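Side chains are part of it too, since the values below use all heavy atoms of this structure and drop only hydrogens, waters and symmetry mates. Order of the sequence lines fixes the chain letters, A, B, ..., with proteins taken first and strands second; residue numbering starts at 1 for each chain. Remember, it's a predicted structure, so these values are computed and weren't measured experimentally.
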Amino acid sequence: DTEVTQTPKHLVMGMTNKKSLKCEQHMGHRAMYWYKQKAKKPPELMFVYSYEKLSINESVPSRFSPECPNSSLLNLHLHALQPEDSALYLCASSHPPGTGKANYGYTFGSGTRLTVV
Amino acid sequence: GQQLNQSPQSMFIQEGEDVSMNCTSSSIFNTWLWYKQDPGEGPVLLIALYKAGELTSNGRLTAQFGITRKDSFLNISASIPSDVGIYFCAGHLGGTSYGKLTFGQGTILTVHP
C-alpha cells in the first residue's frame, strides 16, 4: 500500500462548528505532516509528527489541534474557524530521520477541500 | 528564512515541445524534490535528488541537482496533454530542520494539443 488516504474529501463547516480531518497511511512511515494550501500557491507546513510525537508546530493558531493516535493515523481537529481558513488541507508521510533511509520525498494524500462559511 | 525562486511562473506550449523550469535558492539544500499537482489532488513526487551534481531521469523527465546545491532544473521532453498541471520544486535541509520542505511558487504548465 503506497497511499495516504484523507477523509472527508470535501467539508463545509460553520464558524461555530467542531469538525475533524482524518489521514491514514500503511507504508510504515513514522513521520506525518499537515499542510495548508491556497489555490495556485505552494503548500504551507503546519505540523510535523515524528514517531507519534509533535516535533514542529509552525505557529499555527490554536483553533487547529493535531493528534496522532498511532503510527498510521493523523487527525486535525478544527474549532471556531474563520472564512480565511478555507483551503485544501494536505496530509503527508515519510520516513523520519535516523532510519538509514535517504528518502525525504513525502507521499501526499489527495487533501480535504475545506470551506468555512 | 529560506526562499526558492521558481521560474517561469507559467508556460503555454504546443504538444510535442520540450519544457524546462528551474529553481534557485539563496542558501544550500541537501535534497531537491520535484512534484506535480493536478487540480483537486495532492502533489505527486516526480524526482528526488540527493547529491550535488546528480542528474536523474524518470521517463520523459530529467532533473539535476546543481553543483552549488543552490539550484535545480526539471526538463520535460516531448510534452503531452496529460503533462498539464502545476510543478513545484522543493528543498530539504535536514538536521534540526528535518521534515520542513521549502517549496517554490510553482510553474503552471498548459499544453495545447
Fill in the blank from the handout: Here the pair of heavy atoms bringing Glu84(A) nearest to Lys36(A) is O-NZ, 3.7 Å
Practice task
Show your reasoning for whether side-chain contact (heavy atoms from CB on, under 4.5 Å) applies to Tyr35(B) and Leu101(B).
Solution key: CA-CA 12 Å; Tyr35(B) 286 90; Leu101(B) 289 184; 4.1 Å; yes
Handout entry: Greatest number of heavy atom pairs closer than 4.5 Å to chain A - which of Pro43(B), Gly42(B), Pro39(B)
Key = Pro43(B)
Handout entry: Whether Gln6(B) side chain and Gly106(B) backbone form a donor-acceptor pair below 3.5 Å
Key = yes
Exercise for the section: For residues Phe64(A) and Phe47(A), establish whether the separation of their ring centroids is below 6.0 Å. Expected result: no
Exercise for the section: Taking atom NZ of Lys51(B) as the centre, report whether more than 12 heavy atoms of other residues, nucleotides or ligands fall under 6.0 Å from it. Expected result: no
Between [X] and chain B, which part of the residue has a heavy atom less than 4.5 Å away: side chain, backbone, both or neither?
{"X": "Gln37(A)", "answer": "side chain"}
{"X": "Glu58(A)", "answer": "side chain"}
{"X": "Lys9(A)", "answer": "side chain"}

Handout entry: Residue part contacting chain A, namely of Gln37(B), when any heavy atom lies under 4.5 Å
Key = side chain
